[in-house]
Amino acid sequence: YPSVCKGTHRGGVKMEPSIQEGDAGKENKEEELIDKLEVVTMPSPSPRGLPVKQYAVQSQLPIYEWPDVGSGEYDVGVVASFGRLLSEALILKFPYGILNVHPSCLPRWRGPAPVIHTVLHGDTVTGVTIMQIRPKRFDVGPILKQETIPVPPKSTAKELEAVLSRLGANMSLSHLTHIPPSTGNIFITPKISAGTSCVKWEEQTSEQIFRLYRAIGNIIPLQTLWMANTIKLLDLVEVNSSVLADPKLTGQALIPGSVIYHKQSQILLVYCKDSWIGVRSVMLKKALTATDFYNGYLHPWYHKNSQAQPSQCRFQTLRLPTKKKQKKTVAM
């Protein structure tokens with residue numbers, strides 16, 4: 001959740017409320033690790049604010065809404081998922097600097113969506129990095145502490161985020177007890193947009209599409225095009241070997257996007273670049289089960305086009321319009 005915490009290390013630290021859960025915080029409170037703690041979070045349209053604000057209010061912590069950061073004196077700051085560049089002037093106000101709790105093994109997956117891209121690209125190992133914030137650039141600075149964990153098989157981005165948040169909280173508190181003086185392949189994580197959810201049947205394998213579904217399916221449903229209609233794929237499932245052995249599948253021309261209703265398992269089977277995926281439900285004007293979609297749309301189409309092949313009634317890649325960059329007028 002976007003926030004920054006600042007607090008005093010037995011006298012002044014501003015820390016981010018992602019470090020908010022578990023017994024570790026209570027234990028460190030008893031050890032008087034932090035004498036003073038305040039919270040900065042992003043504004044929210046909801047009167048209650050973001051979950052970080054709700055937690056801060058519940059815990060009776062002073063809270064500010066960005067760009068207001070208060071005017072107190074603090075030793076160290078901690079940020080997590082804040083999404084705003086901090087000015088050099090602000091960073092220099094903290095004698096021990098500002099720490100960033102980042103849910104990936106930097107330098108891999110720098111940027112705003114590291115957990116989503118970890119799942120999307122099938123990483124088997126991930127972790128949490130604590131680094132020192134530097135001005136002007138995101139996720140760049142000295143790495144102070146890093147721990148790795150295996151990615152649980154088939155985990156969604158939301159489930160993995162929960163695991164990494166607990167790890168990051170414990171690492172942060174551990175690091176603050178021994179806070180020092182301020183002192184692989186690299187990938188920048190692209191921003192997740194509606195275009196990311198458009199399935200590319202000709203380009204993506206079934207495994208890649210399942211990764212995409214597990215990574216963003218709970219945020220943005222995957223999308224495709226059928227007979228000029230946009231369809232959202234709500235519930236994807238793996239196709240077992242007995243279904244794949246069905247003669248109806250093996251006897252068809254394997255064109256990506258081909259869609260067949262499998263009556264025995266009551267799922268839609270869609271062919272990807274290399275194999276089939278299963279779809280239990282879709283959204284077309286309203287949510288429909290695979291059976292409803294077949295009865296209301298696929299079956300009538302086949303009845304009307306009795307000589308047609310499944311490849312003619314296929315899902316196609318949805319191409320969203322790109323936003324044109326607005327020209328800027330410069331006064332000189």
Side-chain angles (χ1 to χ4, degrees), residues 116 119-120 153-159 192-321:
I116 286 176
V119 175
L120 182 59
K154 310 293 183 185
S155 63
T156 64
K158 187 175 182 180
E159 291 166 344
I192 300 301
S193 64
T196 312
S197 68
C198 297
V199 179
K200 301 175 179 64
W201 302 106
E202 296 84 3
E203 301 173 23
Q204 295 174 306
T205 65
S206 57
E207 174 60 26
Q208 288 172 326
I209 294 172
F210 274 117
R211 286 182 196 163
L212 182 63
Y213 172 67
R214 298 201 313 271
I216 69 169
N218 66 316
I219 305 170
I220 309 174
L222 304 195
Q223 301 184 84
T224 191
L225 196 66
W226 182 76
M227 300 297 169
N229 296 296
T230 298
I231 290 184
K232 296 180 179 179
L233 310 178
L234 302 182
D235 188 4
L236 269 62
V237 293
E238 292 182 291
V239 182
N240 62 45
S241 56
S242 62
V243 174
L244 292 175
D246 192 314
K248 288 183 179 179
L249 302 186
T250 56
Q252 296 292 342
L254 301 181
I255 297 177
S258 296
V259 55
I260 296 174
Y261 175 66
H262 193 260
K263 187 174 182 180
Q264 288 79 2
S265 53
Q266 296 185 323
I267 60 174
L268 297 173
L269 299 173
V270 190
Y271 193 72
C272 316
K273 182 181 178 181
D274 66 332
S275 185
W276 299 85
I277 62 167
V279 181
R280 279 201 184 120
S281 61
V282 301
M283 173 74 76
L284 177 60
K285 298 181 182 178
K286 64 178 182 178
L288 300 168
T289 65
T291 303
D292 291 336
F293 180 73
Y294 172 73
N295 290 333
Y297 294 91
L298 283 184
H299 183 66
W301 188 90
Y302 280 117
H303 184 72
K304 185 177 180 181
N305 304 275
S306 57
Q307 302 301 315
Q309 295 295 316
S311 59
Q312 296 175 258
C313 180
R314 67 181 189 273
F315 287 166
Q316 297 178 310
T317 299
L318 174 63
R319 309 287 180 184
L320 296 179

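For Gln208 (side chain) and Thr205 (main-chain N/O), a donor-acceptor pair under 3.5 Å exists by modelled atom type. Without hydrogens or angle criteria, Gln204 side chain to Lys200 main chain gives a donor-acceptor distance under 3.5 Å. Side chain of Asp292 to main chain of Ala290: no donor-acceptor pair is present (N/O by atom type, distance under 3.5 Å, no hydrogens or angles). Judged by distance alone, the side chain of Asp235 and the main-chain N or O of Val279 form no donor-acceptor pair under 3.5 Å.
Partners of Glu202 by salt bridge (charged side-chain N to carboxylate O under 4.0 Å, His left out), not counting sequence neighbours: none found.
Considering CG of Leu268 and CZ of Arg280, their distance stands at 12.0 Å, rounded to 0.5 Å. In this structure, NZ on Lys232 lies 11.0 Å from CG on Leu222, to the nearest 0.5 angstrom. Note that CG of Leu234 is 9.0 Å distant from CG of Leu288, once rounded to the nearest 0.5 Å. For the atom pair OG of Ser265 and CG of Asn240, the computed distance is 7.5 Å after rounding to the nearest 0.5 Å. Taking OG1 from Thr317 and CD from Gln223, the interatomic distance works out to 12.0 Å, rounded to the nearest 0.5 Å. Between atom NZ of residue Lys304 and atom NE2 of residue His299 there is a gap of 14.0 Å, rounded to the nearest 0.5 Å.
Residues Ser275 and Leu244 come closest through the heavy atom pair OG-CD2, 4.5 Å. Among all heavy-atom pairs drawn from Ser197 and Ala194, the shortest one is OG-O, 2.6 Å. In terms of heavy-atom proximity, Phe210 sits nearest to Ile277 at CE1-CG2, 3.6 Å. In this structure, Ile209 and Cys272 approach most closely via the heavy-atom pair CD1-SG, 3.6 Å. Shown here for Ala215 and Leu120, the closest heavy-atom pair between the two residues is CB-N, 3.9 Å. Across all non-hydrogen atoms, the minimal contact from Leu284 to Thr230 is CD1-O, 3.7 Å.
At a threshold of 4.5 Å between non-hydrogen side-chain atoms, the residues Ile231 and Tyr297 do not count as touching. Proximity of Tyr261 to Asn295: side-chain heavy atoms (C-beta onward) are nowhere separated by under 4.5 Å. Proximity of Thr156 to Asn218: side-chain heavy atoms (C-beta onward) are nowhere separated by under 4.5 Å. Ser206 has its side chain within reach of Asp274: a pair of non-hydrogen atoms, C-beta onward, lies under 4.5 Å apart. Side-chain contact between Arg214 and Leu212 is absent, with no heavy-atom pair separated by less than 4.5 Å. Contact annotation: the side chain of Val270 never approaches that of Ser258 to less than 4.5 Å [non-hydrogen atoms, C-beta and beyond]. Here the side chains of Ile219 and Ile116 are in contact, with some heavy-atom distance below 4.5 Å. Side-chain contact between Thr196 and Ile220 is absent, with no heavy atoms from C-beta onward closer than 4.5 Å.
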Candidate pair Leu298 and Val259, rule side-chain contact (heavy atoms from CB on, under 4.5 Å), full reasoning: CA-CA 9 Å; Leu298 283 184; Val259 55; 4.3 Å; yes
Criterion ring-ring contact (aromatic ring centres under 6.0 Å, His included) on Tyr294 and Trp301, from CA distance to verdict: CA-CA 9 Å; Tyr294 172 73; Trp301 188 90; over 10 Å; no
side-chain contact (heavy atoms from CB on, under 4.5 Å) assessment of Ile216 paired with Ile192: CA-CA 8 Å; Ile216 69 169; Ile192 300 301; 4.1 Å; yes
Audit row: Phe293, Ser281, side-chain contact (heavy atoms from CB on, under 4.5 Å) steps and yes/no: CA-CA 8 Å; Phe293 180 73; Ser281 61; over 6 Å; no
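The closest side-chain donor-acceptor pair between Thr224 and Trp201 falls under 3.5 angstrom.
Under 4.0 Å is where a charged nitrogen must lie from a carboxylate oxygen, and between Lys154 and Glu238 at least one such pair does.
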